[in-house]
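The figures here come from the full heavy-atom set of this structure, side chains too, leaving out hydrogens, waters and symmetry mates. Each chain gets a letter, A, B and so on, in the order its sequence line appears, and its residues count up from 1. Bear in mind that the values here come from a model prediction, so they are computed numbers and not experimental data.
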There are 2 protein chains.
Amino acid sequence: MLNEVTLKDIARETGLSVNTISRALRDKPDIGKTTKILVAHVATDLGYTRNALASQLRTKESRILGLIVTDIVNPVFSGMTKGVEAVAKREGYAVLLSDTGEDPDSEEQAINMMLEKRVDGMIITPTQKRPETIVRLKERGFPFVLMGRSFEGIQANSVVNDDVRGGFLATDYLIAKGHRRILFLGGEPQISSAVKRMAGYRQALERRGLPFVPEMVVWGAPSLEGGYDKAKELLSTGKADLSAIFCFSDLVAIGVMLALRELGVGIPEEIALVGYDDIKFAPALHPPLTTVDICKYRLGEKSAELLIAQLKLPPSKRMLQEVILEPRLVVRSSA
Amino acid sequence: MLNEVTLKDIARETGLSVNTISRALRDKPDIGKTTKILVAHVATDLGYTRNALASQLRTKESRILGLIVTDIVNPVFSGMTKGVEAVAKREGYAVLLSDTGEDPDSEEQAINMMLEKRVDGMIITPTQKRPETIVRLKERGFPFVLMGRSFEGIQANSVVNDDVRGGFLATDYLIAKGHRRILFLGGEPQISSAVKRMAGYRQALERRGLPFVPEMVVWGAPSLEGGYDKAKELLSTGKADLSAIFCFSDLVAIGVMLALRELGVGIPEEIALVGYDDIKFAPALHPPLTTVDICKYRLGEKSAELLIAQLKLPPSKRMLQEVILEPRLVVRSSA
DNA sequence: CTGTTAGCGCATTCAT
DNA sequence: ATGAATGCGCTAACAG
């Protein structure tokens with residue numbers, strides 16, 4: 001940046017004081033109408049761009065929100081990101097993005113970086129592999145909201161989908177369709193959403209008087225690759241006895257689909273499949289995927305709204321809020 | 001943020017000067033080993049977090065890169081974003097993200113916001129609906145690189161896929177498979193990548209001695225919805241005479257797939273389909289999509305690398321670079 | 001090796 | 001309605 005036009009330059013040009021320029025540009029009431037017009041004119045004339053860094057140093061407000069996700073390529077998170085970005089923009093905030101790749105070191109590093117950059121608040125999808133990181137942030141009194149995942153033991157602002165309910169919906173649907181041997185597949189057991197979806201799965205089983213068999217719960221990486229690998233591992237031995245799989249996510253389900261196709265297993269005739277998230281591509285899959293919609297975009301919007309609402313309050317008046325959004329079963333043809 | 005521990009606090013605590021603290025924390029060579037250890041200790045003790053805003057005001061380096069994409073939910077852009085973020089992080093930069101939704105006003109607003117925030121440089125996927133916005137940025141001497149799209153008339157740093165080549169590859173493959181009536185579908189004619197892919201399409205036709213029929217080129221929104229709408233519009237009348245469609249993007253192709261399925265048209269028996277981008281879900285589609293891989297992640301990485309390399313150079317030594325990455329045809333079963 | 005002095009660009013007192 | 005003085009937290013130039 002060569003173009004360092006400052007308030008001082010405008011002041012010199014107009015013969016006014018720096019102070020007056022500053023106030024005029026921010027449209028303060030105690031500046032004359034004509035002065036404002038003059039100043040605005042000269043400012044654009046000189047190509048002035050206000051230095052947010054400098055003003056932030058004074059006002060102690062960066063008007064930046066930190067957003068930390070575990071994988072921006074995952075449609076669930078990119079959907080949430082879009083929601084966050086939209087309301088941030090609407091409310092005059094910029095978004096600093098960081099992708100942790102589910103790595104706790106990267107998560108910690110991202111948080112520190114954002115603290116240094118003095119973001120006003122953060123929206124975080126925690127890896128949940130090192131809760132202390134989040135605890136520290138909380139103890140510090142720093143404003144943040146957890147998005148999509150929350151901790152059992154840590155009270156914090158959070159916006160999540162009702163995962164237990166969603167897990168119930170999916171499983172209950174499979175049972176109603178006559179399935180008795182249903183596998184729950186995917187997600188790591190420290191991820192809250194995975195555990196909750198599994199809890200919903202278990203709940204549905206028990207409500208219908210079906211036994212909960214621990215061996216029918218298989219954890220794995222919450223990704224396409226994770227689903228593929230686990231499905232291959234389980235089914236290629238040929239001894240798995242099941243008629244349906246409820247997957248932690250659509251991504252996992254896609255991995256399973258790919259594996260089943262390779263193994264020549266028919267969906268849903270031989271094995272029925274239900275995913276979770278309702279990503280945009282779910283209807284275009286082979287076959288179209290039955291899944292649970294979590295309204296990713298809304299989740300992102302809500303997270304940003306909650307955070308910004310908190311920021312507007314004086315710290316003493318901020319009360320923790322946990323927002324839970326309702327999921328919705330979307331029946332297509334994979335189950 | 002209550003926790004406003006500053007250098008001054010550490011200085012008071014250690015009895016050293018603010019300056020020494022500053023230098024010690026930045027590990028400058030002219031500070032004693034023991035002093036450094038002491039300072040580091042007191043700093044963590046007090047819970048010091050350096051105020052990047054303040055230091056940036058002095059050094060005139062924000063260590064922030066602006067990233068402007070047209071749709072973060074599009075796997076192409078989220079893939080690029082991941083690449084950008086990875087090298088930015090590696091090189092010590094943070095990423096400020098903005099999503100324009102292909103809207104030129106939003107694009108302009110995003111650029112101005114980032115200018116105010118004093119990002120060191122920007123990586124932009126331009127909407128190409130208002131080239132002046134980019135021209136102004138260039139005239140200002142501000143460092144930026146265009147990612148995925150470039151302007152005919154504007155010399156600028158850019159990292160793009162060889163779209164002409166990719167369009168050629170896709171079309172030539174279809175021709176080799178015996179198709180003679182091939183439709184090019186999707187993308188807006190101001191988007192450089194769309195025009196170039198079409199040029200490649202045309203080139204393949206002509207090289208094979210096939211006529212280029214203007215009516216066989218149909219523009220539309222570069223999205224799933226755009227593909228769906230156009231396909232419905234074209235085929236539901238039943239008078240379209242074609243055996244294959246080369247789509248601007250995989251997203252468009254998915255839209256077309258959905259439309260064809262509704263219309264009961266078989267893929268690839270009745271109409272063959274080729275996409276572009278090779279998004280992660282392409283192999284899981286119904287049927288698995290034949291497409292052109294553009295290495296999104298690499299494109300993002302390369303863009304960030306190029307930008308950062310420029311930033312390291314003194315402004316006078318910066319030379320414009322246009323990087324073109326090679327695409328690759330990925331044959332699956334939709335064509 | 002360490003301290004003193006100065007100032008980045010802006011916004012906030014307090015005067016006038 | 002406008003100006004002068006002050007300082008946000010940090011780094012850089014220069015002493016010593």
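The side chain of R26(A) places an N or O atom within less than 4.0 Å of a non-bridging phosphate oxygen (OP1 or OP2) of dT12(C). Listed pair T6(B) / dG9(D) fails the phosphate criterion, with no side-chain N or O lying under 4.0 Å from OP1 or OP2. Between R23(A) and dT2(D) there is no side-chain polar atom (N or O) within less than 4.0 angstrom of OP1 or OP2. Residue R58(B) places none of its side-chain N or O atoms closer than 4.0 Å to OP1 or OP2 of dC10(C). For the pair S55(A) and dG9(C), the criterion of a side-chain N or O lying under 4.0 Å from OP1 or OP2 is not met. Contact annotation: T35(A) reaches the phosphate of dT2(D) (side-chain N/O to OP1 or OP2, under 4.0 Å). The side chain of S17(A) places no N or O atom within less than 4.0 Å of a non-bridging phosphate oxygen (OP1 or OP2) of dA4(D). Residue S22(A) has no polar side-chain atom (N or O) positioned under 4.0 Å from OP1 or OP2 of dT12(C).
Whole-Å rounding puts the I21(B) CD1 to dT2(C) P distance at 10 Å. Counting to the nearest Å, the P atom of dC8(C) and the CZ atom of R50(A) are 19 Å from each other.
Side chain N19(A) to base dT6(D): no donor-acceptor pair is found below 3.5 Å.
Within a 6.0 Å sphere centred on NZ of K82(B), other residues, nucleotides and ligands contribute more than 12 heavy atoms.
Each of A54(B) and K33(B) has a nearest nucleotide on DNA chain C; the 5'-most of these lies closest to K33(B). Take the nearest nucleotide of DNA chain C for K28(A) and for K60(B): the residue whose nucleotide is more 5' is K60(B).
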With salt bridge (charged side-chain N to carboxylate O under 4.0 Å, His left out) as the test, would you mind laying out the steps for R130(B) and D105(B) before giving the verdict? CA-CA 9 Å; R130(B) 201 181 295 151; D105(B) 288 334; 2.7 Å; yes
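Heavy atoms of L16(B) sit under 4.0 angstrom from primed sugar atoms or phosphate atoms, though from no base atom. If you check every strand for non-hydrogen atoms under 4.0 Å, L7(A) touches sugar and phosphate atoms only. Base contact: V18(B) has a heavy atom under 4.0 Å from a base atom. Residue D30(A) is classed as a base contact, given a heavy-atom separation below 4.0 Å to a base.
Here K60(B) contributes atom NZ and S62(B) contributes atom OG; the two are 11.5 Å apart, rounded to the nearest 0.5 Å.
Among V160(B), L299(B), V159(B), the single residue meeting the side-chain contact (heavy atoms from CB on, under 4.5 Å) criterion with V323(B) is V159(B).
Closest to the side chain of T59(B), from the set dC10(C), dC8(D), dA12(D), is dA12(D). Across dT2(C), dC10(C), dC10(D), the shortest atom-to-atom separation from the side chain of N51(B) is found for dC10(D).
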